[in-house]
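Step one of this worksheet: look at the structure below.
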Amino acid sequence: MDIVAQLNDQQQQAVMSGLGPMLVLAGPGSGKTRVLTQRIAFLISAMGVKPYHILAVTFTNKAAREMEERVIDLIGDYTRGLTLGTFHATCARILRREAEHLPFESNYVIFDADDQLSLVKRAVQDLNLDDKRYRPASVHNAISNAKNELFLPENYPINNYRDEVVQRIYVRYHELLLASNALDFDDLLLWTAHLLQSNPAVRDKYARRYEHVLVDEFQDTNLAQYTLLKHLASFHKNIFVVGDTDQSIYRWRGADYRNVLRFEKDYQDSRVILLEQNYRSTQAILDVAMAVIDRNPYRTPKNLFTEREQGEKVVLHEAYDDRSEASLVVDTIAGMVARDQANPGDFAVMYRTNAQSRLLEEAFLHAGLPYKLVGAQRFYGRREIKDIIAFLRLVHNPSDEVSLTRVINVPTRGIGTKTYRLLRTQAQQRGVSPGEYLCNLSLQTDSESNDELAGRARKVLENFSKLLTHWKGKKSQLSPLALMDQILEDTGYHSYIDDGTDEGNDRWENVMELRRLASEFQDSTLEAFLERVALVSDQDTLDSSSNAPTLLTLHAAKGLEFRVVFITGLNDGTLTHSRSFDDPEAMMEERRLLYVGITRAKDRLYLLYSQNRSAYGYSEPVEASRFVWDIPEELVTSVHPIQPRRRVGKQVPSRPERWSFSESTDSDPRATTHPSYHAGMRVIHPTWGDGMILNSRLQDNDEIVDIFFENVGLKRVVASIAQLEIKS
DNA sequence: ATGGACAATGTTTTT
DNA sequence: CATTGTCCAT
């Protein structure tokens with residue numbers, strides 16, 4: 001069987017290229033995963049390369065898993081020994097193996113975003129700094145950027161006084177991490193790059209091993225990743241990277257698409273292949289995509305083409321507000337499913353910010369339709385999940401102080417801030433971490449005990465110490481799941497979290513879901529389970545099993561495809577997020593983000609924006625996104641809402657909004673419904689008496705009026721319900 | 001030490 | 001508006 005028979009010329013050239021550096025610039029839907037997987041299969045089966053000598057890295061576990069499956073599909077089970085994983089997971093493994101060369105132990109834990117933030121907070125406190133002036137989130141951002149640019153604390157670049165302070169926080173943060181035997185996400189890359197750079201023996205070991213290095217989504221690598229790749233490929237120099245600068249959307253995370261240019265410079269003998277044929281979308285969708293992306297300056301123009309049909313025109317839909325935008329999406333989906341034009345699982349709804357999912361979820365709930373939401377944070381960020389994981393992490397690595405402080409008093413066992421502070425100073429005096437000290441506490445005899453830690457405090461701490469040592473003793477015999485069950489039982493976590501309310505029930509359900517996840521690690525280690533849990537990506541939470549529409553951010557949508565795509569919230573300030581306005585580079589990235597969204601669609605695409613949008617609870621008029629005006633009119637079907645209908649009584653709101661296809665409506669549809677109240681008008685309310693109108697606006701087919709009453713102050717009323725009388 | 005009530009405060013995107 | 005933190009009463 002010829003494994004490359006089904007490829008086009010460019011793809012074949014890429015797959016069968018010989019040795020040396022190779023850059024594949026692959027437009028959306030051009031089969032880049034295919035090229036990567038076939039390349040691996042080709043190396044193994046045709047070139048006789050041992051899988052052990054191949055390294056392939058991706059950004060998400062999902063991409064890695066998919067690639068592995070496809071390679072196995074091609075060449076069967078000849079992939080044993082192949083290193084295929086995400087950047088972070090691959091680095092994590094190298095660091096565990098090489099821990100002897102590094103200032104942490106091999107059983108280190110990985111701190112997630114929350115842990116990192118609380119550690120920065122601690123660092124700021126330790127230095128007696130004002131956390132208003134040095135907001136942990138912003139400081140952490142600075143530290144993260146520094147790490148991505150390979151700056152260790154001592155090399156942190158200083159341009160002003162603030163930088164000096166940030167450096168001090170960075171130094172302290174770094175100490176705290178090491179004291180907890182923990183690494184943050186950025187450390188995984190930083191330490192690996194640093195190790196390879198500074199230790200020639202280790203570098204050589206890996207560089208000689210990896211005869212071939214393959215990289216997916218190369219445009220999203222940051223300097224740390226670029227550097228470590230360079231070292232890993234430093235011996236054989238067979239580095240095969242695939243990417244698309246037009247899909248670079250992680251600049252804020254340190255990604256630098258100029259690594260593509262750097263690649264061509266660093267590897268003078270590299271060859272470049274362009275993949276321009278798109279196998280995913282209709283021509284109509286591609287036309288819109290190109291109209292959007294062409295406006296970005298300084299890009300290498302790509303000529304995307306497809307052999308697919310022209311297809312349906314892209315629909316550009318204006319809605320009255322974000323709520324009707326959401327019901328519009330749901331109604332359209334329900335309609336197409338009812339008419340048998342698509343399955344529920346064919347749809348994806350995309351948005352710029354996670355907060356936008358709420359209204360969509362409500363709309364789906366209201367219509368009684370199931371949906372699936374992509375987002376790991378939603379699950380792993382929950383209190384009960386974090387608690388359980390903290391227990392497990394503590395058992396694995398008692399030095400983890402963030403976990404210790406999290407659960408030492410969960411459920412409450414009489415250890416408050418005071419007792420904890422006592423524990424901390426005692427541990428400090430002995431030069432060990434609080435967790436380690438705690439582990440030894442129950443082993444101490446009375447003669448060893450000291451006066452300061454006695455009485456009640458000692459008793460409650462000893463209680464927890466016994467629990468911890470008990471679990472630690474069992475960890476080697478028990479699977480992650482069994483250990484988890486033991487912890488749940490010993491702490492009485494069920495009765496603690498499930499108080500009988502719906503919410504409590506939900507929380508316990510979540511714990512059960514985590515149990516299910518742990519059960520997949522029956523034959524694996526606690527370490528592997530913890531690592532997996534720490535490094536899940538949002539995309540990994542996507543389950544393809546249920547046939548329901550998918551809700552996800554544009555960022556999470558990268559690399560995926562759907563038959564029908566809705567992109568919602570195409571308004572200035574939302575898609576072009578307001579935080580990007582003052583930065584041209586950021587604005588270009590917003591455009592790429594939209595481009596990524598558009599090119600996810602195979603058959604149909606709906607672009608939606610609204611006249612009003614609510615932020616902080618208040619609805620405000622907004623402009624359509626500036627990107628909307630970049631799309632030539634003839635490429636889309638424009639739809640505008642007819643006048644919002646008045647709602648009477650308690651009628652259910654979510655009826656399909658009627659569509660009026662207006663290619664050229666001269667009259668503004670809004671002109672037909674004026675508010676009946678204006679600022680300054682005087683009115684009488686049956687119970688509140690005399691008042692003056694402050695403002696009035698249309699919302700949900702009704703009029704919302706803010707009135708200042710002489711006797712009762714400011715009130716907000718719904719015009720159709722309040723019996724207002726206008727005073728002349 | 002604990003838990004409830006209130007106020008302030010803040011929203012991109014995520015491995 | 002919704003989450004998070006701080007204060008105060010038990």
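Lettering follows sequence order; numbering is per chain, from 1. Given the structure is predicted, the values throughout are model-derived calculations rather than measurements.
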With the side chain of [X] defined as its heavy atoms from C-beta on, choose the nearest nucleotide among [options].
{"X": "A/K418", "options": "B/dA1, B/dT15, B/dG10", "answer": "B/dA1"}
{"X": "A/T412", "options": "B/dG3, B/dT14, C/dT3", "answer": "B/dG3"}
{"X": "A/T417", "options": "C/dG5, B/dT14, B/dA1", "answer": "B/dA1"}
{"X": "A/R456", "options": "B/dT14, B/dA1, C/dC1", "answer": "B/dA1"}
{"X": "A/H555", "options": "B/dT13, C/dG5, C/dA2", "answer": "B/dT13"}
{"X": "A/Y616", "options": "B/dT14, B/dG10, B/dT15", "answer": "B/dG10"}

Inset, instruction - Verify the stacking flag for A/F87 against B/dT15: centroid separation must be under 5.5 angstrom and the ring planes must differ by under 30 degrees. - result: no
May I have the distance from [X] (atom [atom1]) to [N] (atom [atom2]), rounded to whole angstrom?
{"X": "A/R579", "N": "B/dT13", "atom1": "CZ", "atom2": "P", "answer": "10 Å"}
{"X": "A/L359", "N": "C/dC1", "atom1": "CG", "atom2": "C1'", "answer": "12 Å"}
{"X": "A/Y226", "N": "B/dT15", "atom1": "OH", "atom2": "C1'", "answer": "21 Å"}
{"X": "A/K132", "N": "C/dT6", "atom1": "NZ", "atom2": "C1'", "answer": "11 Å"}
{"X": "A/R382", "N": "C/dA2", "atom1": "CZ", "atom2": "P", "answer": "16 Å"}
{"X": "A/N409", "N": "B/dG3", "atom1": "CG", "atom2": "P", "answer": "9 Å"}
{"X": "A/Y618", "N": "B/dG10", "atom1": "OH", "atom2": "C1'", "answer": "15 Å"}
{"X": "A/L423", "N": "B/dA1", "atom1": "CG", "atom2": "P", "answer": "13 Å"}

Inset, instruction - State whether a side-chain donor-acceptor pair under 3.5 Å links A/S580 with A/D583. - result: no
Legend entry - Spatial distance of atom CG (A/N222) from atom CG (A/L190) [nearest 0.5 Å]: 10.0 Å
Inset, instruction - Take the angle between the ring planes of A/H555 and A/Y250 and call it parallel below 30°, perpendicular above 60°, tilted in between. - result: tilted
Inset, instruction - Check whether the ring centres of A/Y173 and A/Y170 lie less than 6.0 Å apart, and answer yes or no. - result: no
Inset, instruction - Determine, step by step, whether A/D186 and A/S144 satisfy the side-chain hydrogen bond (donor to acceptor under 3.5 Å, both in side chains) criterion, reporting the C-alpha distance in whole Å, the side-chain angles of both residues, the deciding distance to 0.1 Å, and the verdict. - result: CA-CA 6 Å; A/D186 306 314; A/S144 175; 2.8 Å; yes
Legend entry - OP1 or OP2 of B/dT14 under 4.0 Å from side-chain N/O of A/N354: yes
